Amino acid sequence: MPELPEVETVRRSLMPLIGKTISGVEIGAFAGVLGETAPEAFSALVSGRSVACLRRRGKYLFIDLDDESLLLVHLRMTGQLLIAPCDDPPRRFEHLKLALDDGSSVRYADQRKFGRVLYLPPGSPNPVETKLGPEPLSDAFDGAYLFDYSRKRTAPIKSLLLDQRSIAGLGNIYVDEALWLARLHPLMPAGQLTAQDAERLARSGKQAIAAGIEHRGVTISHFVDGAGESGENQHHLNAYGRGRRGEPCLRCGTPMTWLTVGGRTSHFCPSCQALVDPESRGPISNRRRC
DNA sequence: CATTACCTGCAA
DNA sequence: TTGCAGGTAATG
């Protein structure tokens with residue numbers, strides 16, 4: 001469920017954890033949330049540690065502990081991190097509870113059990129950095145980067161954008177939003193992007209992600225931040241969801257449509273995001289018109 | 001490349 | 001009852 005803006009919203013909402021000490025650990029029925037680490041080992045390693053800082057990279061959240069170890073969290077589809085009073089009963093689908101010395105606690109809950117909270121000992125090499133492209137809001141991500149990266153690629157632009165090695169943090173919602181803003185068809189072969197397309201798409205990606213953060217993420221079914229608060233960005237989406245429902249394009253009024261790209265439902269406007277076929281002389285596309 | 005697996009709940 | 005869901009790793 002959570003993409004970059006949702007994970008960033010969680011990170012910000014968890015700032016009250018900074019400086020607090022983990023006084024105990026409870027692990028639920030699904031110990032697989034810890035990956036390979038045995039529950040008893042995990043408990044021994046993190047108990048007594050305090051939270052030094054919270055960082056995010058792409059869709060990953062890093063909880064740095066005061067001995068240089070860290071917890072690497074990925075929420076995947078339905079993971080949630082929540083702060084709750086220590087004596088609150090376990091919430092539904094709770095797999096992990098870290099009790100804190102101030103009477104509060106952090107819970108990890110995950111209906112579908114895809115997410116992970118991994119313990120990384122002090123000095124561990126970062127296991128995700130090499131697999132991630134630039135942050136969409138960083139200067140490293142711009143039209144030139146996207147243009148160069150997409151050269152000679154035949155994959156649909158949507159697939160390229162979903163690949164975390166290209167850009168870190170976009171998922172199905174924000175890719176559809178970025179493509180709509182840039183007026184690009186999700187199936188356009190990435191290598192066919194012009195420099196101008198790439199420039200527009202990079203700006204659009206930044207815009208979609210920035211709006212997502214500003215509105216504290218999209219809550220459609222599961223997402224809540226660390227305080228249990230829903231996001232508001234579902235009210236500011238231009239593309240995602242509108243194709244399936246056949247709602248009009250907010251730019252040109254044409255009914256939106258959808259298809260499957262890279263295994264994901266993709267919502268777009270068939271008019272202003274029309275696919276250009278470079279082989280044909282006749283303009284299949286009217287995207288210049290919009 | 002595209003498809004499947006990993007899980008569960010819920011809407012159609 | 002079937003199909004779908006915001007993600008990713010492992011398959012053909």
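Because only heavy atoms are used, hydrogens play no part in the values below, and waters and symmetry mates are left out as well, while side chains stay in. Chain identifiers are assigned alphabetically (A, B, ...) following the order of the sequence lines, protein sequences preceding nucleic acid strands; residue numbering begins at 1 within each chain. This one's a predicted model, so the numbers in the text were calculated from it and none came from an experiment.
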Quiz item: What pairs with A:Tyr149 under ring pair (Phe, Tyr, Trp, His ring centres under 6.0 Å), at least two apart in sequence or on another chain?
Solution: A:Tyr145

Exercise. Provide the distance between the two P atoms, one in C:dG3 and one in B:dT3, to the nearest whole Å.
Key: 16 Å

Quiz prompt | Short side-chain N/O contact from A:Lys59 to OP1 or OP2 of C:dT8, under 4.0 Å | solution = yes

Exercise. Please answer whether the main-chain N or O of A:Tyr108 pairs with a side-chain N or O of A:His95 as donor and acceptor at a distance below 3.5 Å.
Key: no

Quiz item: Salt bridge check: are A:Asp176 and A:Lys158 linked by an N-O gap of less than 4.0 Å?
Solution: yes

Quiz item: Does A:Trp180 reach the side chain of A:His267, with side-chain heavy atoms less than 4.5 Å apart?
Solution: no

Quiz prompt | Rounded interatomic separation in angstrom, taking NE2 from A:His222 and P from B:dA11 | solution = 11 Å

Practice problem: Using ring pair (Phe, Tyr, Trp, His ring centres under 6.0 Å) as the criterion, list what pairs up with A:Phe223, not counting sequence neighbours. | Solution: none

Exercise. Mind calculating the distance between CG (A:Leu75) and P (C:dT8) to the nearest angstrom?
Key: 10 Å

Quiz item: Under a cut-off of 3.5 Å for both distances of each Watson-Crick or G-U pair, what dot-bracket string does DNA chain B give, using [ ] for crossing pairs and | for inter-strand pairs?
Solution: ||||||.|||||

Quiz item: Which whole number of Å gives the distance between the P atom of B:dG9 and that of C:dT8?
Solution: 23 Å

Hey, what are the protein-to-nucleotides 7-9 of chain B N/O distances that come in under 3.5 Å?
{"from": "B:dC7", "atom 1": "O2", "to": "A:Arg112", "atom 2": "NE", "distance (Å)": "2.8"}
{"from": "B:dC7", "atom 1": "N3", "to": "A:Arg112", "atom 2": "NH2", "distance (Å)": "3.3"}
{"from": "B:dT8", "atom 1": "OP1", "to": "A:Lys113", "atom 2": "NZ", "distance (Å)": "2.8"}
{"from": "B:dT8", "atom 1": "O2", "to": "A:Gln111", "atom 2": "OE1", "distance (Å)": "3.2"}
{"from": "B:dG9", "atom 1": "O4'", "to": "A:Gln111", "atom 2": "OE1", "distance (Å)": "2.9"}

Quiz item: Are A:Asp225 and A:Thr9 close enough that a side-chain donor and a side-chain acceptor fall under 3.5 Å?
Solution: no

Practice problem: Have a look at A:His74 and say if it touches a base, only the backbone sugar-phosphate, or nothing, with a 4.0 Å heavy-atom cut-off. | Solution: sugar-phosphate

Check residues 117-128 of chain A and write down every donor-acceptor pair under 3.5 Å in which the side-chain atom is one partner and the other belongs to a residue at least two apart or another chain.
{"from": "A:Ser124", "atom 1": "OG", "to": "A:Pro121", "atom 2": "O", "distance (Å)": "2.6"}
{"from": "A:Asn126", "atom 1": "OD1", "to": "A:Val128", "atom 2": "N", "distance (Å)": "2.9"}
{"from": "A:Asn126", "atom 1": "OD1", "to": "A:Glu129", "atom 2": "N", "distance (Å)": "3.0"}

Quiz item: Near DNA chain C, under 4.0 Å by heavy atom, which residues of residues 153-173 of chain A?
Solution: A:Gln164, A:Gly171, A:Asn172, A:Ile173

Exercise. Report the C-alpha distance between A:Tyr240 and A:Asn233 in whole Å, list the side-chain angles of each, state the deciding distance to 0.1 Å, and finish with yes or no for side-chain hydrogen bond (donor to acceptor under 3.5 Å, both in side chains).
Key: CA-CA 11 Å; A:Tyr240 182 84; A:Asn233 199 45; over 6 Å; no

Self-check item: Nucleotide B:dA12, atom C1' - distance to CZ of A:Arg244 in whole Å
Solution: 11 Å

